[in-house]
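Throughout, numbering of the chain's residues begins at 1 and tracks the sequence. FYI, side chains are in, hydrogens and waters are out, and symmetry mates aren't considered; it's all heavy atoms of this structure. None of these values were measured; they are calculated from a predicted model.
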Amino acid sequence: MGNRMTALTLTKFLTQIAADQPAVAASVRALAGVAVELSATIARPDSTAQLGAVRGSANADGDDQKKLDVLADEMIATALAAVDHVAAYLSEERDAAIQLHDGGEVIVASDPLDGSSAIEPNVSIGTIFSVLPAIGGSLQPGRNQLASGIFVYGPQTTLLVTCGDGVFAFQLGTDGQFHDMGWQ
């Protein structure tokens, strides 16, 4: 990535990342789009009780799946399927990886909705993700990560992300864009 940069928006940051890592930038851009939709869904006044209801069975880790867990997972799978760079998607909500694109350069692993037990009491919840190279299989050491981050849905929706050169913080604005919080 070169020199450390200060980005005014996530879009500008990802444009700069795309010069060296187009697959990473495209993956994070897709996840950010989902985060904007999830943030709006969570903020709806009538959504809390419905989204916290148990839906389906236990996930791959044995936790009860809440409606928002399943919704977030489905939204991420759909968004990543539209990114040709993504070879596979691994989710805490699924027993197996979803193969997306032959020849894709990256694998995206995610806990689509971490902390779903905190939906009803209105405590912060988040989407955790990791972007890994597609070579070497889906189980790789963390040092192979190309990018990782967390979207936090609470009083404000934030993104903390690294692409290997520092950690950058963005806050979702009322314009639907993530803006640099000036924290690195």
Side-chain angles (χ1 to χ4, degrees), residues 1-41 59-60 69-114 126-153 157-172 175-180 184:
M1 184 167 82
N3 295 334
R4 190 157 172 111
M5 65 192 97
T6 301
L8 297 176
T9 64
L10 180 61
T11 300
K12 181 178 175 186
F13 173 78
L14 292 175
T15 298
Q16 293 174 0
I17 295 297
D20 295 325
Q21 299 179 34
V24 169
S27 300
V28 174
R29 186 175 293 112
L31 293 167
V34 171
V36 170
E37 290 180 56
L38 280 174
S39 182
T41 299
N59 66 18
D69 288 315
V70 175
L71 177 63
D73 179 58
E74 291 170 353
M75 291 170 71
I76 291 171
T78 299
L80 293 176
V83 180
D84 292 340
H85 296 284
V86 180
Y89 168 54
L90 290 88
S91 170
E92 181 191 33
E93 303 305 323
R94 299 174 186 256
D95 292 329
I98 299 173
Q99 299 302 315
L100 296 174
H101 300 285
D102 292 336
E105 303 116 69
V106 297
I107 296 168
V108 177
S110 178
D111 180 347
L113 212 294
D114 186 57
T127 298
I128 302 169
F129 67 90
S130 175
V131 181
L132 299 152
I135 57 170
S138 58
L139 296 177
Q140 301 180 38
R143 68 180 171 273
N144 289 356
Q145 289 184 108
L146 302 171
S148 65
I150 182 169
F151 292 92
V152 179
Y153 313 104
T157 297
T158 57
L159 165 62
L160 300 176
V161 63
T162 183
C163 295
D165 188 17
V167 176
F168 294 83
F170 298 91
Q171 180 178 345
L172 182 61
D175 60 357
Q177 296 291 315
F178 282 92
H179 298 272
D180 184 7
Q184 299 176 21

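- Here Ile107 contributes atom CD1 and Gln99 contributes atom CD; the two are 8.0 Å apart, rounded to the nearest 0.5 Å.
- Distance alone, capped at 3.5 Å, places no donor-acceptor pair between the Thr162 side chain and the Ala147 backbone.
- Using modelled atom types, no side-chain atom of Ser39 and backbone atom of Ala35 make a donor-acceptor pair closer than 3.5 Å.
- Between Phe178 and Phe13, the distance separating the two ring centers is not shorter than 6.0 angstrom.
- The shortest distance between side-chain heavy atoms of Val83 and Val108 does not fall below 4.5 Å.
- Shown here for Pro112 and Glu92, the closest heavy-atom pair between the two residues is CD-N, 4.2 Å.
- In terms of heavy-atom proximity, His101 sits nearest to Ala81 at NE2-O, 2.7 Å.
- Here the closest non-hydrogen pair linking Thr127 and Leu38 is OG1-CD1, 4.1 Å.
- Legend: residues meeting side chain to side chain contact (heavy atoms under 4.5 Å, CB included) with Asp114, ordered by chain and number and at least two apart, are Asp111, Ile128.
- The closest side-chain heavy-atom distance from Leu10 to Leu159 is below 4.5 Å.
- Distance alone, capped at 3.5 Å, is enough to place a donor-acceptor pair between the Gln140 side chain and the Ile135 backbone.
- Counting all heavy atoms, side chain and backbone alike, Leu100 lies closest to Val86 at CB-O, 3.4 Å.
- How far CG of Leu80 is from CG of Leu90: 11.0 Å, rounded to the nearest 0.5 Å.
- Once rounded to the nearest 0.5 Å, the distance linking CD of Gln21 with CG of Leu14 reads 10.5 Å.
- How far OG1 of Thr158 is from CD1 of Ile150: 8.0 Å, rounded to the nearest 0.5 Å.
- More than 12 heavy atoms of other residues, nucleotides or ligands lie within 6.0 Å of CG in Asp175, so this atom counts as buried by the packing criterion.
- Put simply, the side chain of Thr15 gets close to the backbone of Thr11: a donor and an acceptor are under 3.5 Å apart.
- Put simply, the side chain of Thr78 does not reach to within 4.5 Å of the side chain of Tyr89, judged on heavy atoms.
- A distance of 11.5 Å separates CG in Asp84 from CG in Asp102, rounded to the nearest 0.5 Å.
- Atoms CZ and CD, from Arg94 and Glu74 in turn, are 7.0 Å apart once rounded to the nearest 0.5 Å.
- With sequence neighbours excluded, the residues satisfying side chain to side chain contact (heavy atoms under 4.5 Å, CB included) with Ala87 are Ala134.
- At least one side-chain heavy atom of Phe129 sits under 4.5 Å from a side-chain heavy atom of Val28.
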